[in-house]
Amino acid sequence: MRQVRVRFAPSPTGYLHVGNARTALFNWLFARQKRGAFILRVEDTDVERSRQEYYLRLMDDLRWLGLDWDEGPDIGGDYGPYRQSERLEIYRLYTQQLLEAGRAYYCFCSPEELEQARREALAAGRMPIYSGKCRHLSPEEAAARVARGEKAAVRLKTPDKGEVIFNDLVHGELHFQLEVIGDPILVRSNGLPAYNYAVVIDDHLMEITHVIRGEDHISNTPRQILTYQALGWEPPQFAHLSMVMGEDNTRLSKRHGATSVDQFAQEGILPEALFNYLAFLGWSPPEGQEVLSREELVELFNLSRVSRSAAIFDYQKLYWLNRQHLKRLTPGEKVTRVLPFLQKAGFLPEKLTREHHLWLEKAVEALIEGVNKLNELPEKFNLFFEFDLSKMEESARRILQAESARTVLEALAEELANRSAVSFEEFSDIAREVRQKTGVKGKELFHPIRVALTGQTSGLELDKFIPLIEEGARLTWRQPLLSARERIVRTLQWLTQ
RNA sequence: GCCCCUGUCGUCUAGCCAGGCCUAGGACAUCGCCCUUUCAAGGCGGCAACACGGGUUCGAAUCCCGUCGGGGGCGCCA
């Protein structure tokens with residue numbers, strides 16, 4: 001059997017959208033599973049909108065997601081060039097061939113003329129198809145007009161009757177009546193190929209075996225098949241993926257929230273989590289597993305299990321998957337992923353020592369549970385680095401102002417006074433002594449201690465928190481990390497002022 | 001308007017092709033309980049769907065027809 005070759009062919013006219021990323025991902029999964037080739041091709045014939053910046057970002061985003069390509073504009077390959085703007089000579093060659101064989105013809109109709117015909121057809125309730133006006137011009141006359149410098153597009157001459165049938169790998173057999181197709185533009189009057197023409201040439205020359213793309217291309221497919229036929233080529237297999245929608249069931253767009261891959265990266269979604277989520281948008285494995293690595297997905301993926309209906313992008317489920325993937329990381333890996341976010345928040349010192357790293361591992365381990373996205377973590381780190389009682393919430397304030405709270409904290413301060421740093425075990429002993437000395441116990445005892453230590457009514461368990469501030473206080477940070485004793489002392493000062 | 005695709009819990013979906021195994025399974029979300037001196041997380045449990053109408057059949061989520069809903073396309077954009 002022939003080697004599987006698939007491609008992702010984005011146009012560099014914007015950031016990589018999750019919908020496109022999912023298309024790329026399905027292609028990649030298919031290629032990797034079949035031990036085939038995944039090709040990146042850039043469709044940049046829309047000169048108006050294509051930009052170098054987008055092209056570079058596109059590749060960054062794909063790499064970040066973990067999608068690597070075997071051939072592409074940056075690394076080359078045996079079927080290049082991989083940028084359509086560099087393939088114009090190739091298209092021209094085939095256009096010539098088509099023209100000479102009488103399978104295509106020059107069209108001199110003006111855009112205005114066409115637009116008017118289109119409007120009329122729409123008003124009359126017909127499909128707006130090209131009339132075929134220039135179709136019957138004699139080749140000699142057409143050639144003469146072109147030679148004279150008249151602007152002309154090139155159209156494919158399609159049969160008037162019959163139907164185009166193809167077997168879509170996800171939708172099954174699809175039929176299209178030729179009457180509703182019309183003669184598509186192959187080459188624009190500015191000499192650049194139209195999308196529907198360039199894809200056919202490129203896919204064939206690059207020996208693409210499976211075209212896996214969005215459902216919005218379904219109705220383009222018969223036109224493309226007709227082009228293959230005119231050229232005498234065998235079309236590839238097609239698989240059309242359903243659309244990705246927002247919560248309101250309209251096409252996913254910016255107003256639904258983050259939609260570009262780099263936005264998710266910046267928010268702290270793990271690439272493997274986005275990858276996992278995207279794979280489940282319109283596909284599911286036979287056994288119903290949910291949290292899967294790239295490798296597992298490659299193994300399980302199957303085009304025949306791809307769903308035919310549109311899927312709504314569910315941020316909640318993405319977050320849940322992100323938490324699951326977060327959980328699977330080792331403590332060291334967690335720190336590595338979190339570091340950029342802490343860096344940005346300005347917590348980290350110039351130089352991170354081995355001690356800092358070890359402390360961070362424990363801190364991240366303690367705080368990361370329940371975190372949806374990594375960008376939520378710096379805020380949680382405030383628990384260590386921020387201790388400002390004036391910003392306390394009303395409920396916390398009330399706990400500290402209770403009669404017994406002051407008794408407890410004073411006794412605690414006394415116990416802590418002649419020690420440098422305490423472990424949680426030592427702290428528990430101290431708390432026990434405080435209880436005996438003051439007679440305060442249970443909630444009355446622990447609540448004020450928590451607030452005095454953190455300034456908050458909720459947060460980490462004290463048995464995790466206390467060792468962390470005690471150890472952390474010995475390290476150097478951008479801003480001081482207060483020890484338990486310092487926190488108690490400050491709280492008492494605040495109470496007495 | 002015309003053409004095409006599509007329709008199972010709020011959401012992603014399993015089941016459909018090979019009709020009985022489905023009083024329709026899982027997951028997210030939601031609600032409740034447990035755990036926890038806090039908040040989460042975690043554990044356990046609950047609520048919740050075959051769009052509708054006709055057929056075919058002993059029997060239909062599964063097959064057929066229609067209706068309605070949703071989406072896409074109808075470019076000298078990709």
Side-chain angles (χ1 to χ4, degrees), chain A residues 9-13 20 43-46 48-50 84 107 109-111 114-115 118 121-130 151-155 168 170-172 174-177 179-182 184-196 198-199 213-222 240 242-243 245 247 249-251 277 280-291 304-305 307-321 323 327 367-371 380 395-396 399 441-447 449-451 454 456-462:
Chain A
S11 54
T13 53
N20 289 126
E43 312 218 326
D44 57 351
T45 51
D46 185 350
E48 312 269 293
R49 297 193 295 148
S50 295
Q84 285 190 335
C107 173
C109 296
S110 70
L114 261 17
E115 176 55 27
R118 210 178 74 90
L122 243 30
R126 294 190 316 268
M127 280 242 333
I129 334 172
Y130 177 60
K151 284 263 181 200
V154 177
R155 282 183 191 270
D168 188 286
V170 347
H171 293 274
L174 264 23
H175 299 244
F176 290 84
Q177 296 303 316
E179 283 88 336
V180 302
I181 292 180
I185 294 267
L186 261 23
V187 183
R188 300 182 256 170
S189 54
N190 65 4
L192 291 173
Y195 164 79
N196 278 311
V199 254
R213 62 192 354 173
E215 206 179 75
D216 45 344
H217 288 287
I218 280 193
S219 38
N220 281 326
T221 310
H240 289 97
S242 62
M243 304 273 87
M245 319 294 272
E247 286 139 318
N249 210 23
T250 61
R251 257 177 121 152
Y277 180 73
F280 274 76
L281 227 42
W283 173 83
S284 61
E287 317 268 328
Q289 311 93 308
E290 305 242 32
V291 186
S304 72
R305 289 188 64 86
S307 140
R308 292 178 306 251
S309 54
I312 292 174
F313 196 94
D314 183 353
Y315 291 88
Q316 292 304 325
K317 191 136 187 182
L318 204 215
Y319 296 155
W320 174 78
L321 267 176
R323 291 204 299 267
K327 245 186 243 181
L367 291 175
I368 209 163
E369 199 127 18
V371 163
K380 297 213 164 206
S395 54
I399 288 170
K441 57 187 179 190
K443 242 181 184 151
E444 303 282 287
L445 175 68
F446 285 99
H447 250 140
I449 295 179
R450 164 177 295 282
V451 177
T454 66
Q456 293 170 20
T457 53
S458 67
L460 268 186
E461 291 95 332
L462 291 181

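All chains are named by letter (A, B, ...) in the order of the sequence lines, taking the proteins before the strands, and each is independently numbered beginning at 1. Predicted, not measured: the structure shown is a model, and the values here were computed from it.
For A:Lys317, counting side-chain heavy atoms from C-beta on, the closest listed nucleotide (B:C5, B:G70, B:C28) is B:C28. In this structure, the nucleotide among B:A41, B:A29, B:U11 sitting nearest to the side chain of A:Gln316 is B:A29. Side-chain atoms of A:Ser309 lie closest to B:G7 of the nucleotides B:C3, B:G7, B:C28. Considering only side-chain atoms of A:Glu290, the nucleotide from B:G26, B:G7, B:C5 that sits closest is B:G26. Closest to the side chain of A:Ile312, out of B:C12, B:A14, B:C5, is B:C12. Closest to the side chain of A:Trp320, out of B:C3, B:A29, B:U13, is B:A29.
Heavy atoms of A:Lys327 sit under 4.0 angstrom from primed sugar atoms or phosphate atoms, though from no base atom. Counting any heavy atom pair closer than 4.0 Å across all strands shown, A:Arg305 reaches sugar-phosphate atoms only and no base atom. Residue contacts shown for A:Gln177 are absent, as no nucleic acid heavy atom lies under 4.0 Å away. Within 4.0 Å (heavy atoms only), A:Gly282 reaches sugar-phosphate atoms of the nucleic acid but no base atom. Note on A:Leu460: a base of the nucleic acid sits closer than 4.0 angstrom, heavy atoms only. A:Phe176 comes within 4.0 angstrom of the backbone, heavy atoms only, and of no base.
The base-pairing partner of B:G66, taking Watson-Crick or G-U wobble contacts with both distances under 3.5 Å, is B:C52. The partner of B:A27, taking Watson-Crick or G-U wobble pairs whose two distances both stay under 3.5 Å, is B:U11.
Here, B:A48 and B:G26 have their C1' atoms 14 Å apart, quoted to the whole Å.
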In sequence, state the C-alpha distance, the side-chain angles, and the governing distance for A:Ser242 and A:Arg308, and then conclude on side chain to side chain contact (heavy atoms under 4.5 Å, CB included). CA-CA 6 Å; A:Ser242 62; A:Arg308 292 178 306 251; over 6 Å; no
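Between A:Phe280 and A:Trp283, the ring-plane angle classifies as perpendicular under the 30° and 60° cut-offs.
Side-chain contact between A:Lys327 and A:Val291 is absent, with no heavy atoms from C-beta onward closer than 4.5 Å.
Ionic pairing of A:Glu369 and A:Lys380 is not present here: no N-O contact between side-chain nitrogen and carboxylate oxygen is shorter than 4.0 angstrom.
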Sugar-phosphate atoms are those with a prime plus P, OP1 and OP2; base atoms are the rest. Using that split, label each nucleotide of nucleotides 73-78 of chain B B, S or - for protein heavy atoms under 4.0 Å, 5' to 3'. BBSBBB
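Taking atom CD of residue A:Gln289 and atom C1' of nucleotide B:C28, one finds them 17 Å apart after rounding to whole Å.
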